[in-house]
Engineer: 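Next up is a structure, given as C-alpha cells.
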Amino acid sequence: MSKKIFFLFQMTKLLLIVFIFLLLDSCISQKNTNEYIQLNHENVMFIKGDRLTITLLPTQAKRKKPVIVKTLKNNKQYNNRRITLVEYQRIYELIIKTNQKDIELPRNPNVMTSITDGGNNSIILRKDTLTKKLYSYGISKEYHGKFYESIELILKAAKLNIQEVN
C-alpha cells in the first residue's frame, strides 16, 4: 500500500512540474500578442456613416516587413499589407511623445476655434501593460501636430491618404 501512495505522490509532483512548464512556455510564446497601434475614424455626418479602422500588429517573424497592417472600411476588410519595423517605430515614438492636452483645440474667450465637418479620431497604443489613448474631433495639421503626423504615417502604412479622415 505504501508503494502505491509513494508512486501517486511522485506522479502528482511530475504532473505539477509539467503543468508549470507548459504555463511558463505559454506566457513566453505570447510575448507580442498584446502590442498594437490602432487608428479609429468615424464620421456620422454621412448617411451611412464613415468608419475606418487601421491596426498595426508587430510580429516576431524574421522578415523584411514584420508588421501587419489590417484595414477595415465601414466594417469590411479593405486591405492587409506589411510595413518595416522602422516605420512602426516612427509611429510608435510619435504617439508616445504626444499628450492629449497637445491636441486639444485652443481655448480663448474671445475666439472660438473649431474644425467643421470633422470626424471622431482616436489612436490606441498598447504594449505590454502600457495603454495610451488619444482622441480628437476633426484633424488639422495646424492644431494637432504630432497626432496629425501619426495619423498621416498610419494612413501611409495602409496605402491611404489624409483625405480618408478629413
Engineer: Is it true that the NZ or CZ of K73 lies under 6.0 Å from the centre of Y78's six-membered ring and within 45 degrees of the ring axis?
Structural biologist: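 Cation-pi check for K73 and Y78: passes.
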Engineer: Can you tell if the side chain of L72 reaches within under 4.5 Å of the side chain of L52, non-hydrogen atoms only?
Structural biologist: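 Answer no - side chains too far apart.
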Engineer: Do the non-hydrogen side-chain atoms of L125 and Y36 ever get within less than 4.5 Å of each other?
Structural biologist: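 They are not in contact (no side-chain heavy atoms under 4.5 Å apart), so the answer is no.
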Engineer: So, do K76 and R51 sit near enough that their side-chain heavy atoms are less than 4.5 Å apart?
Structural biologist: no
Engineer: Are any non-hydrogen side-chain atoms of Y135 and K133 less than 4.5 angstrom apart?
Structural biologist: yes
Engineer: Mind checking whether S150 and I123 have side chains closer than 4.5 Å, heavy atoms only?
Structural biologist: yes
Engineer: Does R81 have more than 12 heavy atoms from other residues, nucleotides or ligands lying within 6.0 Å of its CZ?
Structural biologist: yes
Engineer: Closest approach of P66 and A61, non-hydrogen atoms and distance?
Structural biologist: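 So the minimum-distance heavy-atom pair works out to CB-O, 3.6 Å.
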Engineer: Is there a donor-acceptor contact under 3.5 Å from the side chain of E42 to the main chain of N121?
Structural biologist: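 Pair absent, no side-chain N/O of E42 close to backbone of N121.
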Engineer: Does atom NZ of K156 have more than 12 heavy-atom neighbours from other groups under 6.0 Å away?
Structural biologist: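 12 or below, so no.
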Engineer: Under a 3.5 Å distance rule, please check whether K132 uses its side chain to pair with a backbone N or O of T98 as donor and acceptor.
Structural biologist: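 Here the side-chain-to-backbone pair exists.
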Engineer: Measuring from atom CD1 of I68 to atom OG1 of T55, what distance do you get when rounded to the nearest 0.5 angstrom?
Structural biologist: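 Going from CD1 on I68 over to OG1 on T55, the span is 11.0 Å.
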Engineer: Atom CD1 in I96, atom CD1 in I91: separation rounded to 0.5 Å?
Structural biologist: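 Here the rounded value is 13.0 Å.
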Engineer: Tell me, with the steps shown, if Y92 and K127 meet side-chain contact (heavy atoms from CB on, under 4.5 Å).
Structural biologist: CA-CA 10 Å; Y92 178 87; K127 183 173 184 175; 3.6 Å; yes
Engineer: Give the intermediate values and the outcome of side-chain contact (heavy atoms from CB on, under 4.5 Å) for residues I124 and I37.
Structural biologist: CA-CA 6 Å; I124 301 166; I37 295 173; over 6 Å; no
Engineer: State, yes or no, whether a side-chain contact exists between N40 and I54 at a heavy-atom distance under 4.5 Å.
Structural biologist: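 N40 vs I54: side chains apart.
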Engineer: Nearest heavy-atom pair of A157 and I83: which atoms, and what distance?
Structural biologist: CB-CG2, 3.7 Å
Engineer: Working note: E149 + K97, criterion salt bridge (Lys or Arg N to Asp or Glu O under 4.0 Å); need CA distance, chi angles, decisive distance, verdict.
Structural biologist: CA-CA 12 Å; E149 193 176 343; K97 291 177 184 176; over 6 Å; no
Engineer: With rounding to the nearest 0.5 angstrom, report the CD to CZ distance, Q100 to F147.
Structural biologist: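 Here the rounded value is 7.5 Å.
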Engineer: What pairs with N80 under side-chain hydrogen bond (donor to acceptor under 3.5 Å, both in side chains), at least two apart in sequence or on another chain?
Structural biologist: Q77
Engineer: Can you measure from CG (L56) to CD (E35) and round to the nearest 0.5 angstrom?
Structural biologist: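 One finds 10.0 Å between CG of L56 and CD of E35.
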Engineer: Can you find a pair of side-chain heavy atoms, one from D50 and one from H41, that are under 4.5 Å apart?
Structural biologist: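 Contact flag for D50/H41 side chains = yes.
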Engineer: If I take atom NZ from residue K146 and atom CG from residue D102, how far apart are they, to the nearest 0.5 angstrom?
Structural biologist: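 So the gap between those two atoms works out to 6.5 Å.
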Engineer: State, with a plain yes or no, whether a side-chain heavy atom of T84 is found less than 4.5 Å away from one of V67.
Structural biologist: no
Engineer: Looking at NZ of K70 and CD of Q38, how far apart are the two atoms once the value is rounded to the nearest 0.5 Å?
Structural biologist: 11.0 Å
